[in-house]
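Here the structure comes first, spelled out in structure tokens, and everything after it is commentary.
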Amino acid sequence: MEVLVSYHGISKLTIAKMADVEEQDIDRLLANPPEKVEIEVKYKIAVTVMELRFWLKDCELPV
């Protein structure tokens, strides 16, 4: 998710809307240490992040 936010400039709000979750759910998931987030919310976020990374992977520079 950090790549999507920092490299691609996709906001956490955009990811939240695409995943059909609240932005605060993403903030709680990214907190250090992570706060309690429902498993369904984690799943929705994970699926959305993986889909975005799949579509944008060709735009990323190799390491």
Side-chain angles (χ1 to χ4, degrees):
M1 187 176 324
E2 290 296 327
V3 171
L4 294 173
V5 174
S6 62
Y7 184 84
H8 293 290
I10 299 173
S11 69
K12 291 185 283 184
L13 178 61
T14 299
I15 295 169
K17 286 187 177 196
M18 291 179 74
D20 194 29
V21 299
E22 299 293 326
E23 187 176 8
Q24 66 185 4
D25 291 326
I26 292 178
D27 289 333
R28 290 188 314 190
L29 190 63
L30 293 176
N32 191 14
E35 296 178 22
K36 188 171 183 166
V37 180
E38 295 178 18
I39 192 74
E40 294 86 10
V41 172
K42 287 181 184 179
Y43 178 80
K44 287 180 177 183
I45 294 170
V47 167
T48 302
V49 167
M50 287 188 295
E51 287 177 354
L52 285 169
R53 289 294 307 273
F54 174 79
W55 293 112
L56 295 172
K57 68 181 175 195
D58 293 335
C59 299
E60 297 172 11
L61 297 173
V63 178

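Computed from a predicted structure; not experimentally measured.
In Tyr43, the OH atom is not crowded: 12 or fewer heavy atoms of neighbouring residues, nucleotides or ligands sit closer than 6.0 Å. No more than 12 heavy atoms of other residues, nucleotides or ligands sit less than 6.0 Å from atom CD of Glu38.
Between Ile10 and the options Val3, Val49, Val5, Leu56, a side chain to side chain contact (heavy atoms under 4.5 Å, CB included) holds for only Leu56.
When every heavy atom of His8 is checked against every heavy atom of Cys59, the shortest pair comes out as CE1-CB, 4.0 Å. Between Asp20 and Lys44, the closest heavy-atom pair is O-NZ, 3.8 Å. When all heavy atoms of Lys12 and Asp27 are compared, the pair lying nearest together is NZ-OD1, 2.7 Å. Listed here is the closest heavy atom pair of Val37 and Leu29: CG2-N, 3.9 Å. A pairwise comparison of heavy atoms in Ala16 and Ile26 identifies N-CD1, 3.5 Å as the closest pair.
One finds the CE atom of Met18 at 12.0 Å from the CG atom of Leu13 (value rounded to the nearest 0.5 Å). How far CE of Met50 is from CZ of Phe54: 12.0 Å, rounded to the nearest 0.5 Å. The CD1 atom of Ile15 lies 9.5 Å from the CD atom of Glu23; values are rounded to the nearest 0.5 Å. Between atom CG of residue Leu30 and atom CD of residue Glu35 there is a gap of 10.5 Å, rounded to the nearest 0.5 Å.
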